[in-house]
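Remember, it's 1-based here, ligands and their atoms both numbered in the order they're listed.
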Amino acid sequence: MNVPTCRIFRAAGALCLFAASWSMVLGDAGSVPEEWKLPAEWVQLKAGKGRELAAGQCVVCHSVDYVTTQPPLGRAAWTATVEKMRAKYGAPLPTNSVAPLVDYLVSAYGKPDAPK
Ligand code: HEC
C-alpha cells in the first residue's frame, strides 16, 4: 500500500474508533439519559375534545406555553389566532381542522363570548 492510501485508511480507522466509542457512550437512542430527553410538553394541554389535534398541530413551531399562557380569549380571538398561524405563519392546518381546534381552544383556554 502506498503512503497516501495508508494515511486515508488510518484516518478512517481513527474515525471508526471514534464513532465506536461514542456509540458506547451513548448506547442506543432508547437509552439516552433522562435529563437529555425533551419533555413531552404537550401533556400540559388541558384535557378536552380536540386536545390531540392541538397537541399535533400547535406545538410544531413553538412551545405549548404560547397556548397555555394566553389570557382567556373569546372565540373571535382564538379564531383569529388559529387563522394567523395558518395564513401568516404557514401552519399546515387542513381547513377542516380549524373549527375543531378553535372549539378546543375556546373550551380549554377561552372565556364566554361577550353578550351581543
Ligand atoms: C408554522 C408554525 C406555527 C404553527 C404550526 C403554530 N404557530 Fe403559533 N406562532 C407561530 C409564530 C411564528 C408565532 C409568533 C412567535 C413570536 O412572535 O415570537 C406564533 C405565536 C403564537 C401565539 C402568541 C400570540 C400571537 O398571536 O402571536 C399563540 C397564542 C399561538 N401561536 C397559538 C398557536 C396555536 C393555537 C396553534 C395551533 C393551531 C399554533 N400556534 C401553531 C408559528 C406557528
Please could you name the atoms of ligand 1 that [X] approaches to less than 4.0 Å, counting only its heavy atoms?
| X | value |
| --- | --- |
| Leu101 | 38 (C) |
| Leu105 | 35 (C) |
| Gly90 | 1 (C) |

Between Ser63 and Thr68, is a side chain to side chain contact (heavy atoms under 4.5 Å, CB included) present by the stated rule, with each step listed? CA-CA 9 Å; Ser63 86; Thr68 59; over 6 Å; no

Can you list everything that forms a salt bridge (Lys or Arg N to Asp or Glu O under 4.0 Å) with Arg51? Sequence neighbours excluded, please.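 Per chain and number, Arg51 pairs via salt bridge (Lys or Arg N to Asp or Glu O under 4.0 Å) with no residue.
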
Mind checking side chain to side chain contact (heavy atoms under 4.5 Å, CB included) for Ala91 and listing every partner two or more places apart, or none if nothing turns up?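 For Ala91 the side chain to side chain contact (heavy atoms under 4.5 Å, CB included) partners, ignoring immediate neighbours, are Met85, Leu93.
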
Tell me, please, which residues at least two apart from Val106 pass side chain to side chain contact (heavy atoms under 4.5 Å, CB included).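 Result, side chain to side chain contact (heavy atoms under 4.5 Å, CB included) vs Val106: Arg75, Trp78, Val102.
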
Answer whether the closest heavy-atom distance between the side chains of Tyr89 and Lys84 falls below 4.5 Å.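 SC-SC contact between Tyr89 and Lys84 confirmed.
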
Non-hydrogen side-chain atoms of Glu83 and Val98 separated by less than 4.5 Å: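 When only atoms from C-beta onward are counted, Val98 and Glu83 do touch, with a gap below 4.5 Å.
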
Nearest-neighbour protein heavy atom for atom 24 (C) of ligand 1, which is reported as residue plus atom name and distance: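 Atom 24 (C) of ligand 1 sits closest to the protein heavy atom Gln70 NE2, 4.0 Å.
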
Is Lys46 reaching over with its side chain to a backbone N or O of Ala108, donor-acceptor style, under 3.5 angstrom?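 Between the backbone of Ala108 and the side chain of Lys46 there is a qualifying donor-acceptor contact (under 3.5 Å).
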
Val59 and side chain to side chain contact (heavy atoms under 4.5 Å, CB included): which partner among Val67, Asp65, Val64?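 In the set Val67, Asp65, Val64, the residue that makes a side chain to side chain contact (heavy atoms under 4.5 Å, CB included) with Val59 is Val64.
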
Is atom 18 (O) of ligand 1 less than 4.0 angstrom from at least one protein heavy atom?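 Within 4.0 Å of atom 18 (O) of ligand 1, protein heavy atoms are found.
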
Distance below 2.8 Å from atom 8 (Fe) of ligand 1: protein N/O/S atoms: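 You should have found His62 NE2, Met85 SD.
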
